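Inspection log for the structure reproduced underneath, given as structure tokens.
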Amino acid sequence: MVLGGTTEARGLAEALAAGGGRVTTSLAGRVANPVLPPGETRIGGFGGPDGLAAWVAGHGVTHLVDATHPFAERMSFHAATAAAATGIPLLALRRPAWAPVAGDRWHRVPSLATAAEALPGLGTRVFLSTGRMGLAAFAGLDRLWFLVRSVDAPEPPVPARTEILLDRGPFTLAGERELLRRHRIDVLVTKDSGGSATAPKLTAAREAGLPVLIVDRPPVPAGVPVAESVPAALTWLSEAARTVTP
């Protein structure tokens, strides 16, 4: 079973289905109209790690891949707990984190709350590209103006001076350049999601000389192996299958 919601999760499901394997992708259900991967899908929570353990045991799951968003810390913890309880091999599929290059003005912070504390000293017109969850951390910054981009409309609380942009990646460099120019953005806030789908905003910010607040991703649960690509995950699954007792 693949705990999905990412480009990598879909790619893994496609590769497994194309190879004749049986795969079920679980989606959290936070996006109104998700793009469904091939194979079987289920949508919604499990009711905690015990519920996940019961589900995988009851459905004959032999391998579990946590391919959730790098910031889905709770689900990753639930997956590690359920895998330990059931003895099912678990892999975390995580795209590599972003790395700065010459010209970047990055400020790494450990949390959204820390990013909110640092913002007033960096700019007044903020491109808040952290998704619709966690906007409450910025709700008290009444003197700043925010452009919030997300797939679905966020729920309150949100900053008082906020414009909502509903859009889904991948995004182009030309489009990100125009977005920064049109909205007169002078600081970018983003999570270190990694990958290429939303990376053009970082290039556009570098070209414009803008400071960027990057929220570091939480660590993968201790003891869980990590693959950084779909081919690496397929290799792990192949090797893990040989060690499973029939």
Side-chain angles (χ1 to χ4, degrees), residues 1-31 33-99 169-170 191-199 216-246:
M1 183 169 73
V2 177
L3 303 176
T6 60
T7 302
E8 291 76 20
R10 180 176 179 82
L12 180 59
E14 290 174 345
L16 291 172
R22 182 182 176 186
V23 56
T24 298
T25 300
S26 176
L27 302 174
R30 292 178 177 173
V31 177
N33 296 297
V35 179
L36 298 180
E40 300 176 18
T41 57
R42 68 170 303 281
I43 297 178
F46 293 93
D50 292 342
L52 175 56
W55 198 96
V56 298
H59 288 77
V61 173
T62 59
H63 300 81
L64 184 61
V65 178
D66 171 18
T68 56
H69 192 275
F71 283 82
E73 185 175 11
R74 178 177 296 181
M75 190 66 237
S76 294
F77 172 78
H78 288 178
T81 303
T86 58
I88 294 175
L90 168 66
L91 174 74
L93 175 53
R94 294 286 188 275
R95 68 191 74 148
W98 288 319
K191 294 177 178 178
D192 189 358
S193 300
S196 60
T198 61
D216 286 329
R217 57 176 64 175
V220 172
V224 177
V226 178
E228 293 189 338
S229 66
V230 169
L234 291 171
T235 298
W236 179 88
L237 285 168
S238 177
E239 294 174 349
R242 291 196 292 267
T243 65
V244 174
T245 303

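Every heavy atom of this structure was used, including side-chain atoms; hydrogens, water molecules and symmetry mates were not. Since this is a predicted model, take the numbers as computed values, not measurements.
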Report task. Kindly compute the distance separating NE2 (H78) from OG1 (T68), expressed to the nearest 0.5 Å. Result -> 11.5 Å
Query raised in the report: Would you say the side-chain atoms of T6 pair up with the backbone N or O of A67, donor to acceptor, closer than 3.5 Å?
Result: yes
Query raised in the report: Do the side chains of D192 and P70 get nearer than 4.5 Å, heavy atoms only?
Result: no
Report summary line: In V65, L27, L64, the residue satisfying side-chain contact (heavy atoms from CB on, under 4.5 Å) with L3 is L64
**Report entry** Parallel, tilted or perpendicular: rings of H69 and F71 (30°, 60°)
**Finding:** tilted
Query raised in the report: So, E8 and R94, do they make that salt bridge, N to O below 4.0 Å?
Result: no
Query - Smallest separation among heavy atoms of L234 and A15, with atom names - result: CD1-CB, 3.8 Å
Report summary line: Shortest non-hydrogen pair, L91 vs V224, comes out as C-CG1, 4.3 Å
Report summary line: Residues A83 and L90: closest non-hydrogen pair is CB-CB, 3.7 Å
Report summary line: Nearest heavy-atom approach of A82 to P49 is CB-O, 3.7 Å
Query raised in the report: Heavy atoms, side chains only, cut-off 4.5 Å: are V220 and D66 in contact?
Result: no
Query raised in the report: Hey, does M75 have a side-chain heavy atom less than 4.5 Å from the side chain of L52?
Result: yes
Report summary line: Interatomic distance, CH2@W55 vs OG@S26, rounded to 0.5 Å, equals 7.0 Å
Report summary line: Distance col, row T25:OG1 vs R42:CZ, nearest 0.5 angstrom, shows 11.0 Å
Report task. Could you go through the side chain to side chain contact (heavy atoms under 4.5 Å, CB included) check for V2 and L93 one step at a time? Result -> CA-CA 10 Å; V2 177; L93 175 53; over 6 Å; no
**Report entry** Backbone of S229 reached by a side-chain donor or acceptor of R95 within 3.5 Å
**Finding:** no
Query raised in the report: Above 12 or not: heavy atoms from other molecules or residues under 6.0 Å from CZ of R74?
Result: no
Report task. Check V23 against A17 and note the closest heavy-atom contact, atom names and distance. Result -> CG1-N, 4.4 Å
Query - Student check: side-chain heavy atoms of F46 and V56 closer than 4.5 Å - result: no
Query raised in the report: Hey, is the main chain of K191 close enough, under 3.5 Å, to the side chain of R217 for a donor-acceptor pair?
Result: no
Query raised in the report: From R22 CZ over to M1 CE, what is the distance, rounded to the nearest 0.5 angstrom?
Result: 12.0 Å
